[in-house]
Student: 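Mind having a look at this structure? Questions to follow.
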Amino acid sequence: MCGITGWISFDRDLGAEEAVLDAMTGTMACRGPDDSGTWVRGPAALGHRRLAIIDLPGGRQPMTVDTPHGTVALVYSGETYNFTELRRELTGRGHRFTTDSDTEVVLHGYLEWGEQVAERLNGMYAFAVWDGRRDELVMIRDRMGIKPFYYYPTPDGVLFGSEPKAILANPLAPARVTQDGLRELFTMIKTPGHAVWDGMAEVEPGTVVTVDRTGVQRRVYWQLETRPHTDDRDTTIATVRSLLDDIVRRQLVADVPRCTLLSGGLDSSAMTALAARQLGEHGEKVRSFAVDFVGQTDHFVADELRGTPDTPFVHDVARTAHTEHQDIVLDAQALADPGIRAKVIRARDLPAGLGDMDASLYLLFRAIRDQSTVALSGESADEVFGGYLQFFDEEARRGGTFPWLVNFRRHFGEDAEVLRPDLLASLDLDGYVDAGYRTAVSGIRRLVGESDFEYRMRQICHLHLTRFVRVLLDRKDRASMAVGLEVRVPFCDHRLVEYVYNTPWSLKSFDGREKSLLREATADLLPKSVYDRVKSPYPSTQDPKYATALQDQAKDLLAQPAHPVFDLVDRDLLHRVAHRDTPVNTQSERRGLERALDLAVWLDMYRPDIDLD
């Protein structure tokens, strides 16, 4: 797990630009605290920061191979879980290896198969190959978009990086955001390829992007496809379990301390229990970690989203699976700390607007990193197996928009209400969402004979797996890598995603509940409390001191009337909420404060040119 960056300039020799390359590489020191490397030759400059996970002494990058027709150089971020099998196949084809790293396997895989190597990889990855044999850059991203990857075309080449900050460190890429970027920032629909920053793009999941002297070309090597599902219920459940066993076994491989993230929900509990059973075969114990808030378990108040606190269920799983467990307990002061807010925004490069849920995730990962380097997460099981409320909500099912927006608006209000009314009108966010929705559903194939209801549920599943999941995967990657922690996501294995996506909704919810297939596939591992538990989202603090701290920080911001945030934020609205006599007591008002404060920190940190015309 690492950070990668690079600069291709076909019209010049980049040998004199090492200082710029060093600056680009240095922005990702947190992603790779263990080592740093750069490589420059002619028009190509590559940078790498390393978090050592496999073959600690032997996986240094950039990694190169000299061929009779030119040098092939690789910078790679991620993990290839089937690298042992690929190494064995490549050895049989005459390749010789000098390290035990998966990076060298990917490089030799490229030498053997070219860009088609992507179709042979099982894992999470973003990598770039400079092919000096044909003066071409090849950029490849994993199928589900687990690892981030951005690029910025220039007049004579391209800049690229694991994160926008690496690209923005190059003078050729100004920090500029247009109205279209603001639309993406305030709609949570994750338009494929969109990077918010003007001129920048994402390498889309499952895509190869090549850059040569003629320009930029894209090729999709994987996408979610509709196929008939012919297995009966018992066979489907058994297949899900078999896949999970194999996936977790592969993802436990590491040469550094590893652990699991445990929330007490079905997803993380099943994953933790599987890991515990497999490591137990070798006399090892799983270390598990959970986030909690001071006093929350004792004073928990149920609401429409969260009916129960996590901690009692976490402890049930820890006892049943015999994990070495630790709760990371956070207080309101830490969650509202402006310094933590700044670290989160620096990690995300954007004012993402999830407030205390972003802060707590960062603080959880920071605490875990003191004891472990790799963590397995239950992330994405809700998208794969159908776990969110909107899967069962009639209004969301009726269609017309992205289904998660229905519940967000119901529980949190309109996210963009914090913006100035004239700006809000100019952005026309409803029109942007409508256009994005029509594009998103247009390519979802319907099976012959599929009922209207089953097809609608297929659409909802597809939207979550191609749009919503990418928001959460990016959030988890940025927060974890900001502290040098690698988080693996077993439920994003493309084999599992493909198989479960094509099971009809009647099978996904055969007992009338969410995630029926996952529950039954792992029933033998779960305590009854977790087996029976209703889905509960990622926790959020209920401590009124957190809201009071937000109000105080908003008052400080209002005391700076010339701050550029007020070119975006409705000053009167912020004043009303900040100067209430009591702490804010609605999710909408709290999110408004969090959004405004995030925007202010982002503007101070990046000083972007905001083009509102």
Side-chain angles (χ1 to χ4, degrees), residues 1-41 43-51 61-62 73 75-77 126-128 130 137 139 141 147-178 181 185 194-203 209 211 216 342-352 474 477-479 481-484 601-611:
M1 194 61 62
C2 308
I4 65 173
T5 192
W7 181 5
I8 306 300
S9 178
F10 291 108
D11 291 345
R12 57 174 152 170
D13 187 326
L14 293 177
E17 302 291 349
E18 289 195 29
V20 176
L21 179 63
D22 287 344
M24 295 170 69
T25 306
T27 62
M28 295 179 298
C30 291
R31 292 188 75 91
D34 297 328
D35 197 10
S36 178
T38 58
W39 180 88
V40 181
R41 184 168 298 182
L46 307 179
H48 185 265
R49 293 290 313 204
R50 186 182 185 210
L51 176 64
Q61 299 184 47
V75 282
Y76 169 85
S77 170
F127 62 91
W130 170 252
L137 181 75
M139 297 181 285
R141 190 176 181 195
K147 302 311 297 176
F149 203 176
Y150 296 84
Y151 67 102
Y152 185 100
T154 64
D156 71 337
V158 72
L159 310 172
F160 69 85
S162 291
E163 298 179 357
K165 61 175 65 67
I167 294 171
L168 296 174
N170 190 303
L172 294 177
R176 183 171 180 266
V177 176
T178 66
L185 190 60
H194 206 301
V196 176
W197 299 98
D198 188 42
M200 195 180 298
E202 279 190 316
V203 177
V209 176
V211 184
V216 179
K343 289 181 184 297
V344 168
I345 290 171
R346 179 62 177 167
R348 300 288 297 274
D349 290 311
L350 294 171
D474 186 72
D477 176 88
R478 301 297 194 87
M481 293 307 293
V483 298
V601 171
W602 177 61
L603 291 167
D604 287 340
M605 187 178 293
Y606 286 84
R607 301 191 178 280
D609 172 20
I610 307 292
D611 184 355

Student: Do you know which two heavy atoms are closest between C30 and A482, and how far apart they sit?
Tutor: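 Closest pair (atom of C30, atom of A482, distance): CB-O, 3.2 Å.
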
Student: Centroid-to-centroid, W7 to W39, below 6.0 Å?
Tutor: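 No, too far apart.
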
Student: Pair D609, V177 - check side-chain contact (heavy atoms from CB on, under 4.5 Å), show working.
Tutor: CA-CA 6 Å; D609 172 20; V177 176; over 6 Å; no

Student: With a 4.5 Å limit on heavy-atom distance, are the side chains of T25 and S36 in contact?
Tutor: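 Contact flag for T25/S36 side chains = yes.
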
Student: Salt-bridge test for R141 and E202: reply yes if a basic N is under 4.0 Å from a carboxylate O, no otherwise.
Tutor: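 A salt bridge links R141 with E202.
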
Student: Do S9 and T154 come within less than 4.5 Å of each other through their side chains, counting heavy atoms only?
Tutor: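 Side-chain contact under 4.5 Å: no.
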
Student: Can you tell me how far apart CZ (R176) and CG (D611) are? Round to the nearest 0.5 Å.
Tutor: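 One gets 4.5 Å once the value is rounded to the nearest 0.5 Å.
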
Student: Does any non-hydrogen side-chain atom of L14 lie less than 4.5 Å from one of P43?
Tutor: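 SC-SC contact between P43 and L14 ruled out.
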
Student: Would you call D34 and R50 a salt bridge, taking side-chain N to carboxylate O under 4.0 Å as the test?
Tutor: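 Looking at R50 together with D34, the answer is no, because their closest N to O distance does not fall below 4.0 Å.
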
Student: Can you see whether D198 engages T178 through a side-chain donor-acceptor pair at a distance of less than 3.5 angstrom?
Tutor: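 Judged by distance alone, the side chains do not pair up.
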
Student: Show the nearest heavy-atom pair for residues L46 and A73, with the distance to one decimal.
Tutor: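 So the two residues come closest at CD1-CB, 3.7 Å.
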
Student: Taking all atoms of both residues into account, what is the closest heavy-atom pair of I8 and A45, and its distance?
Tutor: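 Taking every non-hydrogen atom into account, CD1-N, 4.4 Å.
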
Student: State, yes or no, whether a side-chain contact exists between L51 and R31 at a heavy-atom distance under 4.5 Å.
Tutor: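 A side-chain contact under 4.5 Å is absent here.
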
Student: For the CD atom of Q61 and the OG1 atom of T38, what is their distance to the nearest 0.5 Å?
Tutor: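 It is 12.5 Å, given to the nearest 0.5 Å.
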
Student: Output, in order, the C-alpha distance, side-chain angles, deciding distance and verdict of side-chain contact (heavy atoms from CB on, under 4.5 Å) for I345 and L350.
Tutor: CA-CA 6 Å; I345 290 171; L350 294 171; over 6 Å; no

Student: Do M24 and D22 make a side-chain contact, defined as non-hydrogen atoms from C-beta onward lying under 4.5 Å apart?
Tutor: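 Heavy-atom side-chain distance check fails, nothing below 4.5 Å.
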
Student: I need the Y76 OH to C2 SG distance, nearest 0.5 Å.
Tutor: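 Going from the OH atom of Y76 to the SG atom of C2 covers 8.5 Å.
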
Student: Classify the angle between the aromatic ring planes of F149 and F160 as parallel (below 30°), tilted (30 to 60°) or perpendicular (above 60°).
Tutor: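 Because their plane-to-plane angle is over 60°, the rings of F149 and F160 count as perpendicular.
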
Student: To the closest 0.5 Å, what do you measure between CG (D156) and CZ (F10)?
Tutor: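 Separation between the atoms: 8.5 Å.
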
Student: Do the charged groups of D349 and R478 touch, with an N to O distance under 4.0 Å?
Tutor: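 Looking at D349 and R478, the cut-off is met.
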
Student: Rounded at 0.5 Å granularity, tell me how far CD1 in I4 sits from CZ in R49.
Tutor: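 Between atom CD1 of I4 and atom CZ of R49 there are 14.5 Å.
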
Student: List the atom of P153, the atom of G199, and the distance in Å for their closest heavy-atom pair.
Tutor: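 The pair with the smallest heavy-atom distance is CD-O, 3.6 Å.
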
Student: How far apart are the closest heavy atoms of P351 and L185, and which atoms are they?
Tutor: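 P351 and L185 have their closest heavy atoms at CG-CD2, 3.8 Å.
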
Student: Is any side-chain heavy atom of T5 closer than 4.5 Å to a side-chain heavy atom of M28?
Tutor: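 Yes, side chains in contact.
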
Student: Between W197 and P608, is there a side-chain heavy-atom distance shorter than 4.5 Å?
Tutor: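 Contact flag for P608/W197 side chains = yes.
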
Student: Any salt bridge between K147 and D477, counting N to O under 4.0 Å?
Tutor: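 Yes.
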
Student: Heavy-atom distance under 4.5 Å between the side chains of L159 and Y150, does that happen here?
Tutor: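 Answer no - side chains too far apart.
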
Student: Could you walk me through whether N170 and Y152 pass side-chain hydrogen bond (donor to acceptor under 3.5 Å, both in side chains), step by step?
Tutor: CA-CA 10 Å; N170 190 303; Y152 185 100; over 6 Å; no

Student: Which pair of non-hydrogen atoms, one from D474 and one from P148, has the smallest distance, and what is that distance?
Tutor: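 Taking D474 first and P148 second, the nearest heavy atoms are OD1-CB, 4.0 Å.
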
